[in-house]
Amino acid sequence: MSTKVNRRDFLRAAGVGSGALVFGSYLTPALQAQGLIHNLINGFPVDGIPVVILKVNGDVVIITHRPEMGQGIRSSLAAVLADEMEADWKRVTLKQADADAKKYAVAFPAPVESDVPLPFPYNTLSKDPKLQYLISPEGSQFTDSSRSMTAYFTVMRLFGAGLRLAMIRAAAKKWGVDAKACRAEKHRVYGPSGQSSDYRWLLLGAKKETPTYDEISAALKKPEDFRYIGKGKEPMPFYDALDLVRGKSVFGADVELPGMLTAMIERCPVANGALMSYDAAPALAIDGVRAVLPMFPPGKRGGGVGRGFLPHAGVAVIATNTWAAWQGRRALKPTIKWHVSPHDTYNSVAFRKELEDATSKQGNAVRKLKDVDDAFAQVGVDTKEAHYYVPHLAQTPMEPPVAVAVFQNGKMEVWAPTQSPDYAQIWTGQVALGIDPCGMTDDVCNEKARQASTVHVTMLGGGFGRKSKPDYIVEAAMLAKQMPGVPIRVQWTREDDVKFSYYNAASSQYLKASLGADKLPTALLQRSALTSFFGTLIPNYSTPDLSQAEIKGAADLRAATFGGGAYPYASGIERAQGLEDMPYDIPNIRLENCKAENHIRVGWMRSVANVYHAFAINSFAGELAIAAGRDQKDYLLDLIGKDRIIDEKTFIDQSVERFRNNELPLAAIEVPTVKGGKANQVVAGFPPDTSRLRAVIEKVAQESDWTNKVAKYKNMKGRGLGIAAHRSFLSYVAVVVDASMSNDNKLTINDVYATIHCGLAVNRDRVLAQMEGGVVYGLSYALLGEITVKNGAVVQNNFDDYPVLRLNQTPRIHVSIVDSNEPPTGVGEPPTPAVAPALANAIAAAGGPRLRAMPFAAKNDSGSTDEKIVFL
Amino acid sequence: MSVFQLNVNGKVHSVDIDGNMPLLWAIRDVLGLKGTKFGCGVAQCGACTVHLDGKAARSCITDVGVAALSKIKTIEGLSYDGSHPCQKMWVELGVPQCGFCQPGQIMTAAALLDEHPHPDDATIDAYMSGNICRCGTYPRIKDAIRRLGGSATS
Ligand code: FES
Ligand code: FES
């Protein structure tokens, strides 16, 4: 659907130009017309505001609709509302929302007019032309892409300010004074002549108040009046801290229901495999084992490539406790025979070669500026080229996947740690209805499925993208369906988690530059091959058992949505993460995407495609700088060039504008002025802005005492600094690593400095925490982690052979924030991408080898010819 | 199946279970104390750390039969209200992110500080390296222990 509509009206609706945002929540399209607070009944939800309940005693219950996985979003978003509301945090309690994607979506109240085809998701998700979303149902609870605060900051502020305004007006009426002479502070309204009243006594009056959107908007606080937000008067609350340190918070595995049984599943090690036969007897002989059930009937293929969130084929052992299920599974395992799968010849070492062959040939151009070939063909031109490689990586959140489901009266009820409550609801609802999963694409089917399942979201023991994919929740539902009335908990082991992830893509990156007399590039070619997650999420020609019509349907669907791209190429989402938005100011540019098939399930891990794109481009920049004998930081700033917005005109595919910028719908709510840009340069939001990239580089250089240290280390053997900078999820991060290399190739990381520009840092302490954790996460995969595959099965098992960073290996980490009052942008993922290349550059600067393949630290069985270092 | 007397957090429970069942599952599934977490099952991550007679132990590889000989303490027994110095310092410094590893981290840190009230960095590293935190809260954990041990620099 390409709604041909008028751009000016679209922008006006989005709050640009007129200065007024038209805004309404999905449930109450007429927020302003019907009034903000009516139908306020003691202890019940405030109509029009799906995230607040006011109690009869004036206490506030804030519904936290975004899952909490360690990013602190429960406290942060609630505190934003409480801040604007002037609620006393002592009187705030939080309640985690069930899956209810539409309830938390935000729609334009009127048809949206635009003279350009509306980009995804607007073009596909709503069949009702009157309903265009600022935040689509698909994104309203999907806690992914570091977007919670970006999307909901303004929404929560508006809700809070509306409540405050209603309280003030109710008090003013009661006292017969001008509302403008009253103010609210911490659950009380104060009048002009000493009167004051607790919110509690104003509830009934407030119920009748109907402030308009414009009035609420005008009542929003100035940054200096913030109580918790940013550098507010009081520290930002951390609601869950006390429960977390007491072991009281309820994670997925902690859900306990009467009569609940625990299942462990022996899965087919290969994607798209099927069960042939098994013998239940040895497992049933174990004390406590109640049932042995196949996930799919023998012969029917389970999940894998092109199968979305469908679980792998498997056989479940269901028992009265975890240990019994585990023992039963051990007894069952030798009895199982699997059918062959088209992917059981997949070998990751050979596949790397395939990827590198792909990037050694021309791919599909995704961005083009003038002619790189011409530049490369100049007589006597100095060129440099390099291949970089990043293997498959597993997220390994601390809490292995787990989910509980019970099937009763035709409905599914689920408890799960999930980043995607809506996917979980749709897919488990489909199980309840007994229909083949039709994925996340058919509105009618999805809606029916939502009605058939209730999903309660628990705390997540980490997510990192693993828990965006609800396959483990679908498993619980599939087993619950087979044992109606019995709650079933599916508990994954760490081995299951390592072997059955949706892995981050394996990627080969090829870079080539021609250099001018000043040693700066005159042309840049980058080729990116990556095993796109869309090869796993959407069926394709390699998916077994599909008809030609189904293959074509899937291809059409993919072309029309999710940033386009056809199997086996990357999607617009992946291309937008560090490839198309490559920030260097070089006269000739060609960026290409090369082919890469899926042979195991591919998903995403913290920062996704930025992992390999940031690694390659920043490492290449470091190589060029060091070869030129230039200061890395100065050279990087020269590459980035003058402050500007990246010119999207050079992008080949213009149909996925928003995802190219990695923009999210609510970016439209507050549109920063485009510096020096024409009005129609970008639709809205946060285009790649090199002045922010420069700002983080300059700040991290200052924090790390870059210039002095560079001078000092020049005369020291075996010590060096490395720098890298990257934009992702709308934020900008620069990292400096200070490393030492010994004569015997041993690495010591002395210090890591990291600086972020994330607009307004709403919850400063959690931003710092995400930065610290993001550095640790980045060091983990840069140095240690590698998933390899033999005959279609993942080789690694647990933290012994898929190691992650430990406390004794963690360097000193110094994090800082660029002060800004601009709209907030992502924080969870942006800290990681620049870490690996900064480390690689530091190792090279310290006299170590140039590391072009992760993981950097030598492993016993790697068998690769890559340069490695030793890291203990 | 055999009957074991488990002394957990000062209370004796009589449980009739498989003697090979790791203590972790007895605590979680049988006694219903959910604060002790499962992270790896092979003594790699420390999420399951409890105290056996005051010493940190990985409950995922401790047979329940062995544990029955000791006084067992779980995170729920460290303090009921979060008043243990480690818990207080953890809250003050905002150590937890997702929090899943933190009961194990705190149990290990508490045992460390019992044994070495003023640990140096090498001791902290040695004790804490068995506890993984995927959220990467290590810098704050280290800071918290240093402060508790009186060697804080920040
Ligand atoms: S669960 Fe025991 S050490 Fe990981
Ligand atoms: S706080 Fe999440 S694993 Fe440690």
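Protein chains get the first letters and strands the later ones, always in sequence-line order, with residue 1 at the start of each. In what follows, every heavy atom counts, from backbone to side chain, and hydrogens, waters and symmetry copies are set aside.
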Could you list each N or O donor-acceptor pair linking chain B to chain A at a distance under 3.5 Å?
{"unit_1": "B:Asp18", "atom_1": "OD2", "unit_2": "A:Trp323", "atom_2": "NE1", "d": "3.2"}
{"unit_1": "B:Arg28", "atom_1": "NH1", "unit_2": "A:Asp254", "atom_2": "OD1", "d": "3.1"}
{"unit_1": "B:Arg28", "atom_1": "NH2", "unit_2": "A:Ala253", "atom_2": "O", "d": "2.9"}
{"unit_1": "B:Arg28", "atom_1": "NH2", "unit_2": "A:Asp254", "atom_2": "OD1", "d": "2.8"}
{"unit_1": "B:Asp29", "atom_1": "OD1", "unit_2": "A:Thr322", "atom_2": "OG1", "d": "3.4"}
{"unit_1": "B:Asp29", "atom_1": "OD2", "unit_2": "A:Thr322", "atom_2": "N", "d": "2.7"}
{"unit_1": "B:Asp29", "atom_1": "OD2", "unit_2": "A:Thr322", "atom_2": "OG1", "d": "2.5"}
{"unit_1": "B:Lys34", "atom_1": "NZ", "unit_2": "A:Glu256", "atom_2": "OE1", "d": "2.6"}
{"unit_1": "B:Lys37", "atom_1": "NZ", "unit_2": "A:Asp254", "atom_2": "OD1", "d": "3.3"}
{"unit_1": "B:Lys37", "atom_1": "NZ", "unit_2": "A:Asp254", "atom_2": "OD2", "d": "2.5"}
{"unit_1": "B:Gly39", "atom_1": "O", "unit_2": "A:Arg494", "atom_2": "NE", "d": "2.8"}
{"unit_1": "B:Gly39", "atom_1": "O", "unit_2": "A:Arg494", "atom_2": "NH2", "d": "2.9"}
{"unit_1": "B:Cys40", "atom_1": "O", "unit_2": "A:Asn798", "atom_2": "ND2", "d": "3.1"}
{"unit_1": "B:Gln44", "atom_1": "O", "unit_2": "A:Arg806", "atom_2": "NH1", "d": "3.2"}
{"unit_1": "B:Gln44", "atom_1": "O", "unit_2": "A:Arg806", "atom_2": "NH2", "d": "2.8"}
{"unit_1": "B:Gln44", "atom_1": "OE1", "unit_2": "A:Arg806", "atom_2": "NH2", "d": "3.1"}
{"unit_1": "B:Tyr80", "atom_1": "O", "unit_2": "A:Arg246", "atom_2": "NH1", "d": "3.0"}
{"unit_1": "B:Gln87", "atom_1": "NE2", "unit_2": "A:Val245", "atom_2": "O", "d": "3.0"}
{"unit_1": "B:Gly94", "atom_1": "O", "unit_2": "A:Arg766", "atom_2": "NH2", "d": "2.8"}
{"unit_1": "B:Pro96", "atom_1": "O", "unit_2": "A:Arg766", "atom_2": "NH1", "d": "2.8"}
{"unit_1": "B:Gln97", "atom_1": "OE1", "unit_2": "A:Gln770", "atom_2": "NE2", "d": "3.4"}
{"unit_1": "B:Gln97", "atom_1": "NE2", "unit_2": "A:Ala769", "atom_2": "O", "d": "2.9"}
{"unit_1": "B:Ser129", "atom_1": "O", "unit_2": "A:Arg806", "atom_2": "NH1", "d": "2.8"}
{"unit_1": "B:Arg134", "atom_1": "NE", "unit_2": "A:Gln395", "atom_2": "O", "d": "3.4"}
{"unit_1": "B:Arg134", "atom_1": "NE", "unit_2": "A:Thr396", "atom_2": "O", "d": "3.1"}
{"unit_1": "B:Arg134", "atom_1": "NE", "unit_2": "A:Thr396", "atom_2": "OG1", "d": "2.9"}
{"unit_1": "B:Arg134", "atom_1": "NH2", "unit_2": "A:Gln395", "atom_2": "O", "d": "3.0"}
{"unit_1": "B:Arg134", "atom_1": "NH2", "unit_2": "A:Thr396", "atom_2": "OG1", "d": "3.1"}
{"unit_1": "B:Arg134", "atom_1": "NH2", "unit_2": "A:Tyr777", "atom_2": "OH", "d": "3.3"}
{"unit_1": "B:Tyr138", "atom_1": "OH", "unit_2": "A:Leu805", "atom_2": "O", "d": "2.6"}
{"unit_1": "B:Arg140", "atom_1": "NE", "unit_2": "A:Glu772", "atom_2": "OE1", "d": "2.8"}
{"unit_1": "B:Arg140", "atom_1": "NH1", "unit_2": "A:Asp765", "atom_2": "OD1", "d": "3.0"}
{"unit_1": "B:Arg140", "atom_1": "NH1", "unit_2": "A:Asp765", "atom_2": "OD2", "d": "3.3"}
{"unit_1": "B:Arg140", "atom_1": "NH2", "unit_2": "A:Asp765", "atom_2": "O", "d": "3.3"}
{"unit_1": "B:Arg140", "atom_1": "NH2", "unit_2": "A:Asp765", "atom_2": "OD1", "d": "3.4"}
{"unit_1": "B:Arg140", "atom_1": "NH2", "unit_2": "A:Glu772", "atom_2": "OE2", "d": "3.4"}

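When heavy atoms are compared at a cutoff of 4.5 Å, A:Ile813 approaches chain B solely by way of its side chain, counted from C-beta outward. Heavy-atom distances place both the backbone and the side chain of A:Phe799 under 4.5 Å from chain B. With a 4.5 angstrom heavy-atom cutoff, B:Leu78 does not touch chain A via any of its atoms. Heavy atoms of A:Met398 lying under 4.5 Å from chain B belong to its backbone as well as its side chain.
Each of A:Leu768, A:Val402, A:Val776 has some count of heavy-atom pairs under 4.5 Å with chain B, and the biggest count is that of A:Val776. Between chain A and the options B:Gly94, B:Pro139, B:Gly41, B:Cys101, the largest number of non-hydrogen pairs under 4.5 Å is found for B:Gly94. Ranked by heavy-atom pairs under 4.5 Å with chain A, the first of B:Cys45, B:Gly82, B:Pro22, B:Gly130 is B:Pro22. If you tally non-hydrogen atom pairs under 4.5 Å between each of A:Gly461, A:Pro400, A:Ala769 and chain B, the highest count goes to A:Ala769.
For the pair A:Leu393 and A:Ile787, the minimum side-chain heavy-atom distance is 4.5 Å or more. The shortest distance between side-chain heavy atoms of A:Phe500 and A:Pro401 does not fall below 4.5 Å. With a 4.5 Å cut-off on side-chain heavy atoms, A:Phe251 and A:Leu244 count as touching. Side-chain contact between B:Cys98 and A:Leu460: absent, with no pair of heavy atoms (C-beta onward) separated by less than 4.5 Å.
For the pair A:Ile318 and A:Ala263, the tightest heavy-atom approach, listed with the atom from each and the gap, is CG1-CB, 3.8 Å. What you find for A:Pro830 and A:Val733 is that their closest heavy atoms are O-CG2, 3.5 Å. Closest approach of B:Ala47 and B:Gly39 over heavy atoms only: CB-N, 4.0 Å. The shortest non-hydrogen separation linking A:Leu839 to A:Ala782 is CD2-CB, 4.3 Å.
A donor-acceptor pair is defined here as one N or O able to donate and one able to accept, closer than 3.5 Å; no such pair exists between the side chain of B:Asn7 and the backbone of B:Lys71.
Remark: A:Ala416 engages A:Ala403, A:Val414, A:Ile473 in a side chain to side chain contact (heavy atoms under 4.5 Å, CB included) (not counting sequence neighbours).
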